[in-house]
Every structure is written in structure tokens, then in C-alpha cells.
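Written out below as C-alpha cells is the structure these notes cover.
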Amino acid sequence: MDRDAYLKEELCRLESEGNLRHLTPAGHEGSHVIAEGRKMLNLSSNDYLGLAADVSLRREFMERLDPGDFVMSSSSSRSLSGEFPVYGQVEDKLSEMFGKEAALVFNSGYHMNLGILPAVAGKDTLVVADKLVHASMIDGIRLSAAGAIRFRHNDMTQLGNILEKEHGRHRRIIIAAESVYSMDGDRADLRMLCEFKKRYDNVFLYVDEAHAFGVFGENGLGLAEEQGCIRDIDYLCGTFGKALASMGGFVVCSRTVREYLINRMRPFIFSTALPPVNWRWTEFLLGKLSGMKDRREHLAMLSARLRSGLEDLGFGMVSDTQIVPLTAGESKVAVRLASELQAAGFFVLPVRPPTVPEGSSRLRFSLTAGMTAADIAALTDAVRKITAL
Ligand SMILES: *Cc1c(COP(=O)(O)O)cnc(C)c1O
């Protein structure tokens with residue numbers, strides 16, 4: 001008897017729909033990947049500033065690193081003996097950069113979103129979340145005892161109506177949103193979200209800047225910096241795994257929220273902290289972030305070119321960031337377009353359900369500052385040839 005037969009059935013179903021996922025081993029060389037014997041421009045990385053691909057940064061870090069700091073495990077949760085001094089140093093630096101009272105770092109952005117809401121949102125709380133928030137936030141909402149309502153993506157009128165109707169019925173409301181949305185590459189109106197939260201004293205604001213931290217704002221702090229509303233966001237979250245080329249998630253918040261999370265947030269309490277050497281790397285890059293303006297401007301220029309190039313080919317465009325989707329519809333169409341672009345030297349992957357809704361499968365181009373204008377011109381040209389057939 002095949003004890004896995006029921007799993008195999010499901011896998012066959014996924015395959016027949018074009019939704020089966022594989023892991024593709026890849027070598028990395030600057031802004032290129034080498035996979036299946038082909039060298040391709042990497043359009044599927046979140047290394048938005050090109051820092052992860054930059055060998056000179058690694059060399060500089062290694063030269064400066066005290067060998068005593070090369071610690072590869074914290075060997076316990078931070079609540080026990082694993083609280084290395086570098087952790088507090090990084091958190092102090094973060095809170096200072098953002099001008100907020102406190103910061104707390106987590107093992108990943110996933111831990112962050114999985115853990116914060118269940119810790120702070122009890123039965124007396126209602127979470128009002130944008131329809132397109134990341135899976136990790138959905139999982140956090142599911143794990144919490146709070147009630148939840150979703151509003152249509154970026155629909156501020158609907159959000160306003162929900163808050164007006166619900167604010168008197170719950171002890172607290174937490175609005176949950178992102179700043180740059182990863183599937184469409186569009187932005188939230190953070191100022192409007194702040195206006196809403198200020199309208200009622202029991203409404204709080206939670207914003208995940210995963211795709212904007214490092215990329216937007218004068219100092220690279222994110223869209224809240226660009227829109228001048230860092231102060232009004234109660235839970236301002238981000239990750240180090242994308243533009244910052246490291247690992248971890250963080251929230252900048254009040255001192256009380258930090259202390260509360262240390263006491264109540266399960267993924268924080270029950271998981272071994274990231275290796276101290278990794279925190280040193282994060283600290284090293286945080287120190288350089290405000291000076292990375294050239295990279296941010298170069299990335300913005302490349303992104304604008306790709307978006308207008310695709311618009312010229314007749315593709316509708318909701319993105320106004322470095323994440324540029326191209327809608328294919330059926331998963332099988334997205335899979336075919338991706339494989340044709342790969343054959344032409346562009347490593348792009350299809351994004352399919354359950355990551356996006358049925359019937360809205362797409363290709364997603366993630367640009368990085370390590371690319372050149374010529375790369376973007378070649379990509380636009382390849383898309384033109386492939387979609388003209
Ligand atoms: C990638 C992502 C996360 C998860 O962050 P990791 O550090 O990769 O675990 C959380 N939120 C959003 C919006 C993301 O895009």
C-alpha cells in the first residue's frame with residue numbers, strides 16, 4: 001500500500017493545472033544566476049539594492065570583523081542566555097535611524113508577522129486588513145483571537161466606512177497594510193492610513209515595509225519616510241532579507257510595545273535567535289544605508305524604463321516601483337512565457353495561485369540596482385518578441 005497516495009494525487013492535480021512548484025538549484029554571479037546550464041539575468045531576487053551580489057561589501061565586512069564576533073549560533077532564545085550585546089546595539093541603531101522609542105528584531109519577516117498580531121490583538125480587537133497583505137500577516141491574523149475584516153486592496157473609501165461602523169463596537173482596531181505590495185508592485189497611501197488612525201483614539205496602524213525598506217525615502221527607511229509619516233505608524237515593520245541583503249524582521253515601536261512583545265510574542269520567545277555574526281552584518285549594512293542614494297536612484301530609473309517599455313507594448317501597469325508584474329491570466333500561459341524568457345536569458349518565474357488569485361497568474365520582474373539600462377532594454381525587447389507570437 002502506498003501510504004503517500006493521497007499526497008501524490010494532490011501533486012498530480014497541481015501539475016495538471018500548471019501550479020506544481022519545483023526548487024531549481026542556481027549559482028549566483030553578480031546580477032545573474034546560472035541554472036540548468038544557462039546564465040540568466042536574475043529577475044526573481046529581492047536584492048533590490050544589489051548589495052547581496054556585491055562581493056566588495058563582503059570583503060570589507062570580513063576585514064573589519066573581529067574574529068571573536070564570528071559566532072554562528074546564539075545557542076538559545078534571547079529570553080535565556082542568548083542575548084548577545086550586538087542585538088541591543090542593532091536595535092538601538094534602528095530606533096535611532098527611525099527616530100522612534102524602540103525597536104525589536106525577529107528571526108525573519110515571517111516570524112514578525114506571524115507573532116506580533118497574536119501577541120497584541122486579543123478577543124477585544126478587530127484587525128482590518130488590506131485584501132492583498134502577505135501570507136505571513138494572514139497567518140498572524142488566523143493565529144490571533146481577534147476578529148478580522150478585509151477591505152478591497154487600497155480602497156480607502158471602504159476602509160473609512162468600515163472604521164466608522166466598527167470603531168464603537170470593539171475595544172481596539174488595528175489597520176494592517178503593506179507599503180509596497182509584492183504582487184502588483186503598487187504603493188499604499190500611508191498618509192491616508194495615518195489620517196484614519198488619528199481620527200479615532202482606539203485605532204492603531206500596522207505597516208509592513210518589506211519591499212520598501214532600503215528602497216524608498218531619503219535615508220532608505222521606506223515609504224513612511226518618503227511620505228513623512230513614520231511617527232504615526234504604531235507598528236512599523238520591515239525585513240532585512242530583501243534590500244538589506246541580510247536576514248531578520250523588525251518592528252520600530254514604543255518602548256511599551258517592545259517590552260510587551262518580549263513577554264508575549266511566541267515566535268520571539270520560543271526560537272533561537274539569529275547568529276550574532278549575522279547581526280554584525282546587518283549592523284554593517286544599516287550603517288551604509290543612508291549613503292546608498294545612488295543605488296536607489298539608479299533602481300528607480302531602471303524601474304521607470306521597464307514600466308514604460310511594457311506599457312508601450314500594450315501591457316496595463318499598476319506598478320510604480322521596482323516590482324513590475326506582467327499579467328498572463330492562466331497559470332499555463334504564465335509558465336510558458338516564463339520558460340521562453342528563461343531560454344532568452346532572463347530568469348523570471350511564474351507567480352501562480354495560491355500566491356495570487358485564480359486566473360491572475362503573472363510574471364513578476366524584480367529589478368535590482370546591480371542591473372544596467374542595457375539589461376532593461378534587452379528584457380523589454382525579449383518580452384516584445386515572445387508576446388508578439
Ligand atoms: C518577504 C515578506 C515577508 C517575509 O519576510 P522574510 O524575512 O523573508 O521572512 C513579510 N512580509 C512581506 C510583505 C514580505 O514580502
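A quick note: this is a predicted structure, and the numbers were derived from the prediction, not measured. Residues: numbered from 1 along the sequence shown. Atoms within a ligand are numbered from 1 in the order they appear, just like the ligands themselves.
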[Y] and [X] side chains, donor-acceptor separation under 3.5 Å:
| X | Y | answer |
| --- | --- | --- |
| Asp208 | Asn113 | yes |
| Arg362 | Ser360 | yes |
| Tyr48 | Asn46 | yes |

*Answer side chain, backbone, both or neither: which part of Asn46 comes under 4.0 Å from ligand 1, heavy atoms only.*
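Contact part for Asn46 vs ligand 1: neither.
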*ligand 1-proximal atoms of Met112, by part, heavy-atom distance under 4.0 Å*: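 None of Met112 does.
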Atoms of ligand 1, numbered as shown, that sit under 4.0 Å from any heavy atom of [X]:
| X | value |
| --- | --- |
| Glu178 | 13 (C) |
| Asn113 | 10 (C), 11 (N) |
| Thr239 | 5 (O), 7 (O) |
| His211 | 14 (C), 15 (O) |

When the aromatic ring centroids of [X] and [Y] are compared, is their separation below 6.0 Å?
| X | Y | result |
| --- | --- | --- |
| His111 | Phe268 | no |
| Phe84 | Trp279 | no |
| Phe250 | Phe106 | no |

*Run down the list Ser182, Ser179, Gly109 and name the one with the heavy atom closest to atom 6 (P) of ligand 1.*
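Ranked by closest heavy atom to atom 6 (P) of ligand 1, first place is Gly109.
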Top protein contact for [atom], by heavy-atom distance:
| atom | value |
| --- | --- |
| atom 14 (C) of ligand 1 | Lys242 NZ, 2.8 Å |
| atom 9 (O) of ligand 1 | Tyr110 N, 2.9 Å |
| atom 11 (N) of ligand 1 | Asp208 OD2, 2.6 Å |

_Ring-face cation of Arg187 near Phe216 (centre distance under 6.0 Å, axis angle within 45°)_ =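 Yes, Arg187 sits over the ring of Phe216.
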*asked:* Counting C-beta onward and ignoring hydrogens, is there a side-chain heavy-atom pair between Leu299 and Arg296 closer than 4.5 Å?
replied: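 Contact flag for Leu299/Arg296 side chains = no.
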*Assess Ser136 for proximity to ligand 1: is some non-hydrogen atom of it under 4.0 Å away?*
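So Ser136 counts as touching ligand 1.
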_Any atom of ligand 1 sitting under 4.0 Å from a heavy atom of Gly241?_
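Contact absent.
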